[in-house]
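Working notes, structure below.
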There are 2 protein chains.
Amino acid sequence: MNKSALINKRSLEDQAADLIREDIVNGELTPGTRLVETSLAKEYGLSRGTIRIALHQLGTESLITQVPYAGWSVAQLTGQDLWELSTLRTTLEGMAARLAAEHITAAGAEQLKAVYADLLECCAGEDFNAITRADLALHKAIVDLSGHGRLARQYQLIENQLLSYISVSNQSFDPAVVGSSHRALVDAICEGRVDDAAAEAVHSITDAEQLQQVL
Amino acid sequence: MNKSALINKRSLEDQAADLIREDIVNGELTPGTRLVETSLAKEYGLSRGTIRIALHQLGTESLITQVPYAGWSVAQLTGQDLWELSTLRTTLEGMAARLAAEHITAAGAEQLKAVYADLLECCAGEDFNAITRADLALHKAIVDLSGHGRLARQYQLIENQLLSYISVSNQSFDPAVVGSSHRALVDAICEGRVDDAAAEAVHSITDAEQLQQVL
DNA sequence: TGTCACTGATTGTCCGACAATCTTACCTGA
DNA sequence: TCAGGTAAGATTGTCGGACAATCAGTGACA
């Protein structure tokens, strides 16, 4: 059995990026917060160069922005950003759902239904944060089932940005609707109905207008 | 008039990344070529740390790959990679064409037609490399017209990877067909026919099968 | 023949230093 | 009072050197 993934072989640069990223998407670092290389280096017990590469990484993920010689700060999403994220996400998910439906397997269908069951369970409660994450987990599962590495990587970037936004906005919606609105999507994929899957994927996304309205 | 773009204010890290990237997409650095940090540092007259950040940047663009403690090397595209690039590109371009058609302006239409004229001119000759670049320039113009920053950035990544592939494979196709096959796409966008634009975008792309066949 | 230790090459990470640039606060003069 | 300039401080940009960690190849040895 391959346990190499369990062993900590990741570079310190990557680990630092992970930790900082987590703080951002969890909302502990709110938009506009300034990140200082020397402070982070001291905080994590790493050298400045190592932190620097981690920050550059997060910069390419658009989670933080940089002004030359002035500093890094957690990105602030504008209305345009939300529109871009929402439209891009819709397009990519439509593609993912189509591909997933094209070569769905019995094992894949089982997996997908399990994730959907998790979502339904969360929707029975009132923990909006948990519901949001279960929602994203379902969509992420679909992307993974598409068997498209670049698509998955691209989707991940968007997902991180959306998470960082969602965690700071106390959203309110009807949990029951969220749960049931994904049923058609899951069914279409599991039954291999490619066109239906692509169409349902577009429907099941909370779009930017709705997110903005929440603010 | 804003001439800030003309002044060299870019960091050495970015400039180094640009130079190396150009060598890759131009085919001077063929897939599999190893890139050594110290050698590049000496070659460009920069410190190793600066080169290192540039290489990380190129790594996130999937132009080079890295094996821990072993080294960097120019990425080698597999059949799966070509499929991913082609399908992702098709999806993104369909989206771009739709958006471009939605809010096309007179100035935008002029610009697009100019780029298309360039392509036609190239197709009159036999310089396949020039044709390929003019082709990509047209598609890039459409992406820019979509007014979608993230879409443009994502498209750029794919474009760079395709260029690096194309420059090493001596492709052969009929120049006349390439030129004329884009006419419907340009017209649909300029006339604001969104659905036609999206459909034509998909048609006008040389897909992965064709590329692979060339090898 | 297969295994092990050794060696060289390259990246991973740290430290310290200084230059370049932005930010801020203060000061000056009309 | 306020526009504009100046100086100080903070932060990033870039450099050089150093050593550890790891990988790839080589050769000796059982």
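Naming: A, B, ... by sequence-line order, numbering from 1 per chain.
In this structure, the helix from C:dT1-D:dA30 to C:dA30-D:dT1 shows an angle of 10° between the axis at its start and the axis at its end, each fitted on 5 base pairs and rounded to 10°.
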Summary of protein contacts for nucleotides 10-21 of chain C, nucleotide by nucleotide, where a base hit scores B, a sugar-phosphate-only hit scores S (4.0 Å, heavy atoms)
BBBBB--B--BB

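Closest non-hydrogen pair, A:I24 versus A:I64, comes out as CD1-CG2, 3.6 Å. Minimum heavy-atom separation, B:L151 to A:L88: CD1-CD1, 4.2 Å.
A donor-acceptor contact closer than 3.5 angstrom is absent between the side chains of B:T90 and B:T87. Looking at A:T132 and A:D135, their side chains never bring a donor and an acceptor atom within 3.5 Å of each other. Defined by atom type and a distance below 3.5 Å, a donor-acceptor pair is present between the side-chain atoms of B:R153 and A:S62.
A salt bridge between A:E93 and A:K140 is absent, with no side-chain N of the basic residue lying under 4.0 Å from a carboxylate O of the acidic one.
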Derivation and outcome, salt bridge (charged side-chain N to carboxylate O under 4.0 Å, His left out), residues A:E37 and A:K42:
CA-CA 9 Å; A:E37 294 179 358; A:K42 200 168 283 182; over 6 Å; no

